[in-house]
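Positions are given from 1, in the same order as the sequence printed here. Whatever order the structure lists ligands and atoms in, that order sets their numbers, starting from 1. Scope of the values below: all heavy atoms of this structure, side chains included, with no hydrogens, waters or symmetry mates.
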Amino acid sequence: MDYKNILAKNLSEKTGLNLEEIEGFIEIPPKSDMGDFAFPCFRLAKTMKKAPNLIAEELKSTLNIDCVERIESLGGYLNFFIAKGNFSKEVIEKVISEKEKYGSCNIGDNKNVIVEYSSPNIAKPFHVGHLCSTAIGNSLYKILSFAGYNTIGINHLGDWGTQFGKLIVAYERWVDEKALENEPIKELLRIYIKFHDEAEKDPSLEDLARAHFKNLEDGCEKEVKLWQRIKDVSLVEFNRVYDLLNIKFDSLAGESFYSDKMESVVSEIKDKGILVESKGALVVELDEFNIPPCMIMKSDGATIYATRDLAAATYRQKTYDFYKNIYVVGTPQSLHFNQIFSTLKKMGKEWANDCVHVGFGTVRIGNKKLATRKGDVVLLEELLSESISRSLELINEKNPALDNKEDVAKKIGIGSVIFTYLKNNRERDLSFDWKDILNFDGETAPYVQYTYARGKSILKKAGDFSSTADYTKLNTTEEFELTKLISRFNETLLLSIEKYEPSIITRYIIDVAKAFNKFYNHCSIMNLEDDSLKMARLNLVVATTIVIKNGLSLLGIDTVERM
Ligand code: ARG
């Protein structure tokens, strides 16, 4: 039942005002003693030429709505208290019948949405900072799919650029093949750093690197082979992390994929007459957007990161005719994306307005900002393994007799890291502290996972519960609050899409878990004489477990049946 709509219809009949407009005015009060829905009458004061509190009083005495138990008028607001019994029946039965689909919808209407995420640079460590794009993007991918969009996940690998010329020079001179087999990225990083040290002494190495990159761009066999090897060994490491996280992509078309698609974009820009020379380089000026020019080609004729992004956006538009093209990339690249989107606009591409940069802050571990240059970074794989082993320790403490401890520890360990990344507004910097993330009583994955497992164990103990539930008996505040929250899953999903913000789902799941625990502490379930009340409560437990499971899966986090 769409309560908002029913209220709006009744209000619209009485006031003669437009239904949609009224629906937009209806609010959900911050506290439940102010009702379940509220209508601010001062919105009508002007057209009705009356004081808001008078309007509220009048409406209160004339409105008579079936699903509403009581209406109060307070300070110009009409507060509606909906009839609980019917509401609970409707909500709980809907959740149980829709199961893993509960919360989903079809507003996406199968439209193509690209989510670009993760996008690490080949031959560079996959550090804890990379999890932001990876986890946020993976979650947005799932959230959008759940809302009916046809979602395409792209890992725009950083596998092209002049640094590969340098790596080739370094590879030929200093690589230790054995080390490359064992710890590829560590070895690639070592020789990359060595290149910079050596080039300081011998600048001709830079020219050599440029020549190698040129050969790579021209498709010379030797360079292509070395580049491919560097890419392959890097991907082995990256894939280990993706497997741990259970993350997949529909496409790995990274920067190299566009190496042969840049020429046509550059000539299109030229044809439009917007390519200008500046200090030997070629740029598109973006004064009208109040931002610095977008560099298209360096003075030595090499294309750059931005050129590849222009080619990528154009290719994606042609290939997918996207409704939205979303880039999940750190906020430090805001200017870059602003330049790309503005250049596309200047080229006359209307679809540039459908490109979205979804930014995020930086990660700190133990208050230290992560360095990315020298290699003293915290590897994501190490962080995840540590989280898994700490989870295992906790399980050994709390429940040593548990079956498949390793599997449970993995789900908790990985889940708690992802949860931490998705808990707060994405633009906020993240500081990562072990004592918070694995706290079973905090706002954490283990807390929510534990709540789920608690629900599951109640249901297991209950065994068969096929008798009829009487939902009119669910009339404690705790039951009603939980049910109301459960009913808001889909509207929460839509809000998280509007803001490109998985944390809205995370907070929602925390709220559901908290409301469930209040209900659990306040209302007995198993020791009830009244079977029809017991059934109603058990079904509320079923509905809660479904919502937690569906919600966590939108974040890319697993549940466990016992822990
Ligand atoms: N590889 C880049 C980096 O690590 C991120 C790529 C972002 N995506 C893009 N289309 N430019 O900084």
Side-chain angles (χ1 to χ4, degrees), residues 113-138 140-141 152-164 166-167 185 188-189 192 227 230-231 234-235 237-238 241-242 247 249-259 261-262 265 291 294-296 303-320 322 324-344 349 351-352 354-363 369-373 375 377-380 426 500:
V113 171
I114 293 177
V115 183
E116 187 217 280
Y117 59 109
S118 201
S119 312
N121 292 331
I122 293 298
K124 294 269 178 69
F126 199 106
H127 59 73
V128 294
H130 287 113
L131 186 56
C132 292
S133 171
T134 310
I136 294 170
N138 184 50
L140 287 178
Y141 179 93
I152 301 125
I154 301 183
N155 188 349
H156 187 80
L157 290 172
D159 57 0
W160 207 247
T162 45
Q163 72 272 27
F164 289 96
K166 300 177 186 176
L167 269 169
I185 296 201
L188 290 170
L189 193 64
Y192 189 64
W227 167 82
I230 292 169
K231 184 166 166 174
S234 301
L235 278 177
E237 267 200 59
F238 294 172
V241 178
Y242 293 136
I247 283 181
F249 301 93
D250 300 307
S251 158
L252 289 184
E255 293 189 45
S256 66
F257 181 75
Y258 301 100
S259 58
K261 297 173 183 61
M262 283 182 281
V265 180
I291 49 174
C294 183
M295 163 114 62
I296 303 293
T303 56
I304 58 161
Y305 184 53
T307 333
R308 290 188 279 283
D309 259 326
L310 290 170
T314 311
Y315 174 85
R316 289 177 189 176
Q317 200 280 329
K318 270 201 206 105
T319 312
Y320 303 105
F322 53 71
K324 290 270 183 272
N325 175 25
I326 300 167
Y327 298 83
V328 186
V329 183
T331 309
Q333 294 197 36
S334 291
L335 174 61
H336 166 75
F337 285 107
N338 197 352
Q339 288 171 316
I340 297 299
F341 303 160
S342 301
T343 302
L344 290 168
K349 313 276 187 200
W351 49 263
D354 305 322
C355 296
V356 187
H357 173 214
V358 170
F360 51 79
T362 50
V363 183
K369 199 174 161 184
L370 290 157
T372 48
R373 267 283 149 79
V377 293
V378 182
L379 293 181
L380 182 57
R426 58 184 158 74
Y500 302 104

*Give the C-alpha distance, both sets of side-chain angles, the deciding distance and a yes or no for side-chain contact (heavy atoms from CB on, under 4.5 Å) between Tyr258 and Thr307.*
CA-CA 9 Å; Tyr258 301 100; Thr307 333; over 6 Å; no
*Within reach of ligand 1, part of Phe337 (heavy-atom separation under 4.0 Å)*: side chain
*Would you confirm whether the ring centroid of Tyr141 sits within less than 6.0 angstrom of the ring centroid of Phe249?*
no
_atom 8 (N) of ligand 1 [closest protein heavy-atom partner, distance rounded to 0.1 Å]_ = Glu116 OE2, 2.8 Å
*For atom 12 (O) of ligand 1, what is the nearest protein heavy atom, given as residue, atom name and distance?*
Gln333 NE2, 3.0 Å
*Only one of Leu167, Ile185, Asp159 clears side chain to side chain contact (heavy atoms under 4.5 Å, CB included) with Ile122; which?*
Asp159
Using distance alone, determine whether [X] and ligand 1 share an N or O pair under 3.5 Å.
X: Tyr305; result: yes
X: His130; result: no
X: Asp309; result: yes
X: Ser119; result: yes

_Worked verdict on Gln339 versus Ile291 for side-chain contact (heavy atoms from CB on, under 4.5 Å)_ = CA-CA 7 Å; Gln339 288 171 316; Ile291 49 174; 3.9 Å; yes
*No-hydrogen, no-angle side-chain donor-acceptor test under 3.5 Å, Tyr327 and Asp309*: no
*Report, in ascending order of atom number, the atoms of ligand 1 lying under 4.0 Å from any heavy atom of Asn121.*
1 (N), 2 (C), 3 (C), 4 (O)
_At less than 4.0 angstrom from any non-hydrogen atom of Tyr327, what atoms of ligand 1 do you find?_
10 (N)
*Show your working on side-chain contact (heavy atoms from CB on, under 4.5 Å) between Val241 and His130 and close with a plain yes or no.*
CA-CA 11 Å; Val241 178; His130 287 113; over 6 Å; no
*Atom OH of Tyr242 and atom CG of Asn155: how far apart are they, to the nearest 0.5 Å?*
4.0 Å
